[in-house]
Amino acid sequence: MLNNKEEKKEQNAVYLLPWVTAIAMLMQSLDGTILNTSLPSIAKNMGYSATEMDSVIVTYTLTLAMFIPLSGWLADKFGTRTMFMIAVFLFIMGSLFCALSVDLNTLNMARVLQAVGASMMVPIARLAILYQYPKNELLKTMNFITLFGLLGMVAGPSLGGFLSDNFSWHWIFLINIPIGLIGISMAYRIMPNFKHAVGRFDFRGLVYFSLALISITLVLELIGNGRPHMIVILSLLFLFGLLSLFYYIHYKKTEKPIIDLHLLNIRTLKIGLMGSLITRLGIGGLPLLLPLMLQTSFGYSASVSGLLLLPSALSNVAVKPFMVSIIKFFGYRTVLISNTILLGIVLIILGFVTKETPIGYYILLMIFYGIFTSVQMSAMNTITLSDLDQDTASGGNTMLVIMQQLSVSFGVSVASLALSLFQDGIFDLDASKAFQYTFIALAVFTIFSSFTFSKLSKTDGGGYM
């Protein structure tokens, strides 16, 4: 009888584990977008200008870059459940201290604590999924948890504006606490505490790699904020190149490096990482560009522009039940090549939307954008991890998280830079059509990623089928 109870508990744990990961995805993606629309309210409340609040974003991003490489080693050393619970606890404590902040310095310190937790939450939760499920169940499972990340990205700006306008900015941080406590409770009862043998901690490698990430992240932040100080940027790029070289030399001489570059010999991992990066250069700036266009060019309020993003979120949800069937029927190669082209076409059409465009036409475009984005994210993430095993899962998963974090910054920076250049009338183009030109430029990046995915074979990802 006891064995039957234990077996039933284990079955429930297997069934509910994706929900733990989904909670982590939702918290992190919400936190990454909800703050942007609330920064003016925070600045006004604390007595700062809006431009002075940039450090709140930069501090968080740099801390993520520093600690993400640690997540896989810590999880393998101390256990996935233990480290996940610690990560979520740090995140909600950081969120609480953010809400209690009285000035910019205390807010920045709280954001550091919050980012330390965020840097481990999703990587460790997804690593537990990789260890728990056989390959033929990973596509369905990853498809499920990706949905919550996409929902957070779309809902974040609207939710941030709503909470700031109707309550106070403090609630954009306080909302993380009950969600995080639910995540900790579920993880304690559900998540297995997977451990794997690890070598001596590669402190020198962490220093080289993290500082290189911080250097390139600072470059992206400077470009994205429209402050292209060329001497500073060139200096940071030089530092990035130097640290990358140091890390490569160190990696060649180290038995257990913090990031094992040898994993890039796994063809699907390499193609997935590269294709994902290029794709996100095109679509990563959309959560910034669309509300900006709707508010500054079309004159919609923040609430209305947020509602106009809702169709993409709903279509994301609607297509998820069919995702596994779509990929099984067409295969990863066909899906990724065709879908990136379709995404690019949607971006081009969005560039020609004007204030006089019928609202129904815009909503239809957002539905297609949501469908294609949903397919793209699920397919890219799963093909990247498709050929990893128990020995390579931790390192490959960490690489994917690092790439995703960088590509978000890359996407926003590229979109911001392109828009500012077109608004300045580069190449003597009509500045009033800056948004149109920006969408077309981003579409080129998106379509270009189809060439990367063409290197996949028709049988790649077959283990998921």
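- Listed by chain and number, the residues in a salt bridge (Lys or Arg N to Asp or Glu O under 4.0 Å) with R267 are D460 (sequence neighbours excluded).
- When all heavy atoms are compared, the tightest approach of V401 to P123 is CG1-CG, 3.6 Å.
- When side chains are defined from C-beta on, L17 counts as touching Y133, because their heavy atoms get closer than 4.5 Å.
- Of the options I447, L365, L442, a side-chain contact (heavy atoms from CB on, under 4.5 Å) to L347 is made by L442 and by none of the others.
- Residues K256 and D202 have side chains not in contact (no heavy-atom distance under 4.5 Å, counting atoms from C-beta outward).
- Judged as a side-chain contact (heavy atoms from CB on, under 4.5 Å), and not counting sequence neighbours, the contacts of L245 are I249.
- The side-chain heavy atoms of F368 and L343, taken from C-beta on, include no pair separated by under 4.5 Å.
- Side chain of S386 to backbone of I383: a donor-acceptor contact under 3.5 angstrom is found.
- Between I402 and I259 the shortest side-chain heavy-atom distance falls below 4.5 Å.
- What you find for L74 and M120 is that their closest heavy atoms are CD1-SD, 3.7 Å.
- Here CG of L239 is found 9.0 Å from OG of S244. Values are rounded to the nearest 0.5 Å.
- For M403, the CE atom is densely surrounded, since the number of other residues' heavy atoms within 6.0 Å is greater than 12.
- Y332 has its side chain out of reach of I271: every pair of non-hydrogen atoms, C-beta onward, lies at least 4.5 Å apart.
- With sequence neighbours excluded, no residue satisfies salt bridge (Lys or Arg N to Asp or Glu O under 4.0 Å) with R126.
- The closest side-chain heavy-atom distance from L243 to S215 is below 4.5 Å.
- The CD1 atom of I327 sits 15.5 Å away from the CZ atom of R333 when rounded to the nearest 0.5 Å.
- The distance from the NZ atom of K270 to the CG atom of D387 is 13.0 Å, given to the nearest 0.5 Å.
- Between the OG atom in S71 and the CG atom in L127 there is a gap of 8.0 Å [rounded to 0.5 Å].
- Residue L419 holds its CG atom at 4.5 Å from OG1 of T438, rounded to the nearest 0.5 Å.
- Nearest heavy-atom pair across V20 and G183 is CG1-O, 4.4 Å.
- Partners of F201 under the ring pair (Phe, Tyr, Trp, His ring centres under 6.0 Å) rule, at least two apart in sequence or in another chain, are W73.
- The list of ring pair (Phe, Tyr, Trp, His ring centres under 6.0 Å) pairs with a residue in residues 110-131, not counting sequence neighbours, reads Y131-F194, Y131-H196.
- The nearest pair of heavy atoms linking P257 to D260 is CG-CA, 4.0 Å.
- Listed for the S338 side chain is a donor-acceptor partner under 3.5 Å among the backbone atoms of V335.
- At least one donor-acceptor pair under 3.5 Å links the side chain of T392 to the backbone N or O of D389.
- Between H250 and Y208, the ring planes are perpendicular. Angles over 60° get that label, and only those under 30° would be called parallel.
- In this structure, the side chain of S276 does not engage the main chain of L273 through any donor-acceptor pair within 3.5 Å.
- Using a 4.5 Å heavy-atom threshold, the side chains of L236 and I233 count as separate.
- Between F329 and S325 there is no side-chain heavy-atom pair separated by less than 4.5 Å.
- For L213 against P69, the heavy-atom pair with the smallest separation is CD1-CG, 4.1 Å.
- Under the ring pair (Phe, Tyr, Trp, His ring centres under 6.0 Å) criterion, F451 pairs with F448, sequence neighbours left out.
- Qualifying side-chain contact (heavy atoms from CB on, under 4.5 Å) partners for I23, counting only residues two or more places apart in sequence or in other chains: M27, I179, I182, M186.
- Atom CZ of F246 has 12 or fewer neighbouring heavy atoms from other residues, nucleotides or ligands inside a 6.0 Å radius.
- For F240, there are no ring pair (Phe, Tyr, Trp, His ring centres under 6.0 Å) partners two or more places apart in sequence or in a different chain.
- With hydrogens and angles ignored, the 3.5 Å screen pairs a side-chain donor or acceptor of S315 with a backbone N or O of I367.
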Practice item. Run the numbers on I214 and M66 for side-chain contact (heavy atoms from CB on, under 4.5 Å), then give the verdict. Key: CA-CA 7 Å; I214 289 172; M66 182 180 298; 3.4 Å; yes
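- Screening residues 110-122 for side chain to side chain donor-acceptor pair (under 3.5 Å) gives D31-R111, D31-Q114, S95-Q114, R111-Q114 as the qualifying pairs, with residues at least two apart or on separate chains.
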Review point. Taking it one step at a time, do K455 and M274 satisfy side-chain contact (heavy atoms from CB on, under 4.5 Å)?
Key: CA-CA 11 Å; K455 296 177 182 178; M274 183 59 67; over 6 Å; no
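- When the options F435, Y437, F439 are evaluated for a ring pair (Phe, Tyr, Trp, His ring centres under 6.0 Å) with F422, the one that passes is Y437.
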Review point. Going through the checks in order, is the side-chain contact (heavy atoms from CB on, under 4.5 Å) test met by L261 and M399?
Key: CA-CA 9 Å; L261 299 180; M399 282 186 170; 4.2 Å; yes
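- Of all heavy-atom pairs between T398 and I68, the closest is CG2-O, 3.9 Å.
- For residues 339-352, the set of pairs meeting the side chain to side chain donor-acceptor pair (under 3.5 Å) definition, not counting sequence neighbours, comprises N339-Q376.
- Every residue was checked against the side-chain hydrogen bond (donor to acceptor under 3.5 Å, both in side chains) condition with T334, not counting sequence neighbours, and none meets it.
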Point to revise | Test log, rule side-chain contact (heavy atoms from CB on, under 4.5 Å), inputs L281 and T446 | key: CA-CA 7 Å; L281 284 178; T446 306; over 6 Å; no
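- Applying the ring pair (Phe, Tyr, Trp, His ring centres under 6.0 Å) criterion to Y247, with sequence neighbours excluded, gives F209.
- If you take CG on L113 and OG1 on T63, they are separated by 10.0 Å, rounding to the nearest 0.5 Å.
- Residue Y251 qualifies as enclosed at atom OH: its count of foreign heavy atoms under 6.0 Å is above 12.
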